[in-house]
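Below is one structure, written out as structure tokens; comments come after it.
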Amino acid sequence: DTEVTQTPKHLVMGMTNKKSLKCEQHMGHRAMYWYKQKAKKPPELMFVYSYEKLSINESVPSRFSPECPNSSLLNLHLHALQPEDSALYLCASSQGLQARDSYGYTFGSGTRLTVV
Amino acid sequence: KQEVTQIPAALSVPEGENLVLNCSFTDSAIYNLQWFRQDPGKGLTSLLLIQSSQREQTSGRLNASLDKSSGRSTLYIAASQPGDSATYLCAVRPGDKLIFGTGTRLQVFP
């Protein structure tokens, strides 16, 4: 299995809703990432998990809450989002996070989120 | 701060042409550089990964070069096809993060 699987593919939620995005990989990768991508822009890093621990939070608002229950699974919990949070949310994984490592990233197909 | 720029921003060509996409980065202290393809509304597909110690990588009709000292990478697409139409992103890895370029939107018409 060489894929990163994201569910759901599409999500429409109201500003008072609570929802979660799910990401799964079975490649034995120990680093997992959440990226946000707005239309016609490159992806922007949100969070990095290394060995199931949060390593980087790029000053993301608290209405986004990441969780890494195990080495294969990464969740992004959403609460009280704003319409400007509508975007494509991408999950990625890589074999390691050590500075000496030079592994590539594998991305999922993304979740298209619309906040109404 | 690492900044990654891609030129051109958009490109429209007839099929069969050989193409060159450029990527430049401001800080040469990187561990690798990765080229991705993204179809509209979809995720990223990795095309080529070049380690900092390498000069180029090839996969089929794609060839990517890396000149770390000058902060440049080039993606060469031979004999372009309509199926190559997509946005191409380069990304550098200076450490814990992957930093993306601004992208090149490519359209290849029959």
Side-chain angles (χ1 to χ4, degrees), chain A residues 2-7 9-10 21 23 25 27 29-51 53-58 86-114, chain B residues 1-10 21 23-25 27 29-54 57 59 62 64 66 68 73 86-107:
Chain A
T2 58
E3 290 186 345
V4 172
T5 302
Q6 288 188 245
T7 55
K9 292 192 184 303
H10 302 275
L21 309 184
C23 173
Q25 57 88 13
M27 296 177 280
H29 288 179
R30 303 317 300 262
M32 296 185 76
Y33 313 81
W34 280 114
Y35 280 81
K36 174 182 178 179
Q37 187 179 26
K38 301 285 278 185
K40 300 191 187 304
K41 297 289 187 181
E44 296 179 344
L45 182 65
M46 300 175 71
F47 303 104
V48 179
Y49 272 83
S50 175
Y51 290 86
K53 295 190 187 310
L54 184 64
S55 173
I56 296 176
N57 177 342
E58 291 287 278
S86 299
L88 181 67
Y89 288 84
L90 294 163
C91 175
S93 69
S94 69
Q95 284 184 280
L97 200 60
Q98 298 298 318
R100 65 178 180 275
D101 295 336
S102 54
Y103 303 121
Y105 282 48
T106 302
F107 278 81
S109 57
T111 293
R112 171 71 61 189
L113 175 67
T114 302
Chain B
K1 178 185 174 184
Q2 177 75 268
E3 293 184 358
V4 186
T5 306
Q6 291 184 242
I7 294 174
L21 280 56
C23 171
S24 61
F25 45 97
D27 188 344
I30 63 170
Y31 292 97
N32 60 42
L33 184 146
Q34 199 165 356
W35 281 93
F36 294 91
R37 168 191 172 134
Q38 186 173 33
D39 294 297
K42 304 295 185 182
L44 277 65
T45 300
S46 180
L47 298 174
L48 290 165
L49 171 68
I50 310 177
Q51 308 296 353
S52 61
S53 59
Q54 296 177 322
Q57 280 287 336
S59 176
L62 305 179
L66 175 63
K68 207 174 75 159
S73 177
T87 295
Y88 290 80
L89 292 158
C90 68
V92 298
R93 183 176 179 177
D96 294 350
K97 307 176 186 181
L98 198 61
I99 300 174
F100 283 90
T102 45
T104 294
R105 288 192 301 280
L106 172 65
Q107 181 181 10

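All values below come from the heavy atoms of this structure, side chains included, with hydrogens, waters and symmetry mates left out. Chain A is the first sequence line, chain B the second, and so forth, proteins listed ahead of strands; every chain is numbered from 1.
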Write down the atom of [X], the atom of [Y], and the distance for their closest heavy-atom approach.
X: Gly101(B); Y: Pro42(A); result: O-CB, 3.2 Å
X: Leu88(A); Y: Lys42(B); result: CD2-O, 3.5 Å
X: Gly41(B); Y: Arg112(A); result: CA-NH2, 3.4 Å

Working for side chain to side chain contact (heavy atoms under 4.5 Å, CB included), residues Leu98(B) and Tyr35(A): CA-CA 10 Å; Leu98(B) 198 61; Tyr35(A) 280 81; 3.3 Å; yes

Any residue meeting side chain to side chain donor-acceptor pair (under 3.5 Å) with Glu3(B), in chain and number order, not counting sequence neighbours: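 Counting only residues at least two positions away or on another chain, Glu3(B) forms no side chain to side chain donor-acceptor pair (under 3.5 Å).
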
Contacts of Arg37(B) that satisfy salt bridge (Lys or Arg N to Asp or Glu O under 4.0 Å) - sequence neighbours left out: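 With sequence neighbours excluded, Arg37(B) shows a salt bridge (Lys or Arg N to Asp or Glu O under 4.0 Å) to Asp39(B), given in chain and number order.
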
Lys9(A) atom NZ: more than 12 heavy-atom contacts under 6.0 Å: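 No, not enclosed.
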
Minimum side-chain heavy-atom gap Leu89(B)-Pro43(A) below 4.5 Å: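 Yes, their side chains come closer than 4.5 Å.
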
Heavy-atom side-chain proximity of Leu44(B) to Tyr105(A) below 4.5 angstrom: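 The answer is no; the side chains never approach within 4.5 Å.
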
Residue part contacting chain B, namely of Glu44(A), when any heavy atom lies under 4.5 Å: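 Looking at Glu44(A), nothing touches chain B.
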
Residue part contacting chain B, namely of Gln6(A), when any heavy atom lies under 4.5 Å: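 For Gln6(A), neither part sits under 4.5 Å from chain B.
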
